[in-house]
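Quick note: numbers below take in every heavy atom, side chains included, and nothing from hydrogens, waters or symmetry partners.
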Amino acid sequence: MDEIYMRRAIELAKKGEGWCHPNPLVGAVIVKNKKIIAEGYHARYGDLHAERNALKNAAEPVDGGTLYCTLEPCCHTGKQPPCTEAIIKAGIKKVYVGSSDPNPLVAGKGIRMLKEAGIEVVEGFLKDECDLLNDIFFHYIRKNEPYVIMKYAMTADGKIATESGRSKWITGEKARNEVQKLRHRCMGIMVGIGTVLADDPMLNCRLEGGCSPVRIIVDSKLRIPKESQIVKTAAEYRTIVAAASENEEKSYFLKNRGIEVWQLSGSDGRVDLSRLMKRLGEEKIDSVLIEGGAILNSSALSTGIVDEVDVFIAPKVFGGRGRSPVEGNGADDPSEAYRFEFIEERSVGEDILIRYRAVGGK
Ligand SMILES: NC(=O)c1ccc[n+]([C@@H]2O[C@H](COP(=O)([O-])OP(=O)(O)OC[C@H]3O[C@@H](n4cnc5c(N)ncnc54)[C@H](OP(=O)(O)O)[C@@H]3O)[C@@H](O)[C@H]2O)c1
Ligand SMILES: [Zn+2]
């Protein structure tokens, strides 16, 4: 039964997806006499934490009850008072904790406080499943830089566009909907100027009730067309153009449209992606979804900013000399490959999604 309760807490935590940045996703369930009497989750940045929400929502007195919490309860005052205090005060007698707090200054303290108050604590319960909720938070809190997901959709013969550059559509409707969920989940979305010129995308989230990401265009020479969808909709969605050369007239025009122009020139005259990630971290952008194209993907991998690679594979073959997902200077020998670790694989409609963790290489 304990696993069922914790899995329910995990489900609840997911409801906060897209809205809690840069806070973690957390779910909590309180059980008494083998019955769930309260549920809560962290719904939005600045709102009550999951544990306090559960305590508040309780249908009956919680004293003597058991709390299942996907993340170690906090013990410091941030935007909200510490949850450990509320748990102790409410008379909870046992707490199951999933993930521990990744912040080295806090880790273990919340649990210690509960134990000192005489509460029985089970640590690391369904830890792996709970940890999966917060790849983004764990990364951001440690590095102060966004968690970067490189996503692309390719045919079974590894093409992301035909030779003439056309790419609509490679995957089916369900996979495209899954991409919308990713856009909702990530705080930023990034593409190279090549993709803007080829596809004129909006890069927003079209899910009903979804949260659109901050749009980041990597465009050294400010080639972005004044009439592009991105420029035309800049008043609606926060938009950043990362550049590497001054062009006062164009900068002025873009800024007038509400676009932020960041000068981040690298040694090769293009946008310095490492500096861009640092700056995004400073702006509290905890996650970035890279949606191409092949040239940006190559630089992102070689700069080492990629944390996860999500590949959608369609049951189609383009043949010929279509575009590959990653161009640039490829490996000379298979031993020089970028290395990934498997996270997950599943069917999404007629397509397949494979998620990998990037572990370096080359
Ligand atoms: N199937 C899919 O999942 C998918 C997704 C996206 C795109 N696509 C397709 O991919 C094609 C466009 O991709 P692309 O490879 O031509 O262009 P891209 O990767 O979107 O953009 C590359 C451009 O970004 C600029 N840039 C600035 N700083 C950079 C840096 N540090 N590293 C790399 N690039 C930097 C460069 O131009 P400047 O030097 O002028 O700044 C570079 O030419 C289109 O055909 C599109 O339809 C497919
Ligand atoms: Zn808390």
Return a table of donor-acceptor pairs under 3.5 angstrom between the side chains of residues 113-130 and protein atoms on other chains or two or more places apart.
unit_1: Lys115; atom_1: NZ; unit_2: Glu123; atom_2: OE2; d: 3.0
unit_1: Lys127; atom_1: NZ; unit_2: Asp131; atom_2: OD2; d: 2.7
unit_1: Glu129; atom_1: OE1; unit_2: Arg7; atom_2: NE; d: 2.8
unit_1: Glu129; atom_1: OE2; unit_2: Arg7; atom_2: NH2; d: 2.9

How about [X] and [Y]: do any of their side-chain heavy atoms sit closer than 4.5 Å?
{"X": "Glu72", "Y": "Ser100", "value": "yes"}
{"X": "Val214", "Y": "Thr239", "value": "no"}
{"X": "Phe318", "Y": "Ile170", "value": "yes"}
{"X": "Leu276", "Y": "Trp262", "value": "yes"}
{"X": "Met154", "Y": "Phe312", "value": "no"}
{"X": "Ile136", "Y": "Arg185", "value": "yes"}
{"X": "Val191", "Y": "Val218", "value": "no"}
{"X": "Ile149", "Y": "Cys186", "value": "yes"}

Item to complete: Mark yes when over 12 heavy atoms from residues, nucleotides or ligands other than Asn33 sit less than 6.0 Å from its CG; otherwise mark no.
Response: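 No, the 6.0 Å shell around CG holds no more than 12 heavy atoms from other groups.
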
- request: Let me know which of Met190, Met277, Glu308 forms a side chain to side chain contact (heavy atoms under 4.5 Å, CB included) with Val148.
  value: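 In the set Met190, Met277, Glu308, the residue that makes a side chain to side chain contact (heavy atoms under 4.5 Å, CB included) with Val148 is Met277.
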
task: Spell out, yes or no, whether Ile36 and Tyr68 are grouped together once hydrophobic residues are joined by side-chain heavy atoms under 4.5 Å, including indirect joins.
output: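 Hydrophobic grouping puts Ile36 with Tyr68.
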
Between [X] and [Y], is any side-chain donor less than 3.5 angstrom from a side-chain acceptor?
{"X": "Asn297", "Y": "Tyr152", "value": "no"}
{"X": "Tyr96", "Y": "Lys94", "value": "yes"}
{"X": "Ser212", "Y": "Arg238", "value": "no"}
{"X": "Tyr237", "Y": "Asn204", "value": "yes"}
{"X": "His42", "Y": "Asp47", "value": "no"}
{"X": "Arg270", "Y": "Ser299", "value": "yes"}

Distance (rounded to the nearest 0.5 Å) between [X] [atom1] and [Y] [atom2]:
{"X": "Cys74", "Y": "Glu85", "atom1": "SG", "atom2": "CD", "value": "9.5 Å"}
{"X": "Thr233", "Y": "Leu203", "atom1": "OG1", "atom2": "CG", "value": "8.5 Å"}
{"X": "Thr66", "Y": "Ile30", "atom1": "OG1", "atom2": "CD1", "value": "9.5 Å"}
{"X": "Tyr356", "Y": "Met150", "atom1": "OH", "atom2": "CE", "value": "11.5 Å"}
{"X": "Phe137", "Y": "Cys20", "atom1": "CZ", "atom2": "SG", "value": "11.0 Å"}
{"X": "Arg183", "Y": "Arg215", "atom1": "CZ", "atom2": "CZ", "value": "10.0 Å"}

Are the side chain of Thr162 and the backbone N or O of Gly322 linked by a donor-acceptor pair below 3.5 Å?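 Absent.
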
task = Would you please name every residue forming a side-chain contact (heavy atoms from CB on, under 4.5 Å) with His139, sequence neighbours left out?
result =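 For His139, the residues satisfying side-chain contact (heavy atoms from CB on, under 4.5 Å) (neighbours in sequence not counted) are Lys143, Tyr147, Asp307.
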
Heavy-atom closest contact ([X] atom, [Y] atom, distance):
{"X": "Gly158", "Y": "Pro325", "value": "O-CD, 3.3 Å"}
{"X": "Thr171", "Y": "Ala153", "value": "CG2-CB, 3.9 Å"}
{"X": "Pro102", "Y": "Phe138", "value": "CG-CD2, 3.3 Å"}
{"X": "Asp219", "Y": "Val241", "value": "CB-CG1, 4.0 Å"}
{"X": "Gly64", "Y": "Lys93", "value": "O-NZ, 3.4 Å"}

With a 4.0 Å cut-off on N to O distance, would you call [X] and [Y] a salt bridge?
{"X": "Arg176", "Y": "Glu291", "value": "no"}
{"X": "Lys14", "Y": "Glu17", "value": "no"}
{"X": "Arg346", "Y": "Glu178", "value": "yes"}
{"X": "Glu51", "Y": "Lys56", "value": "no"}

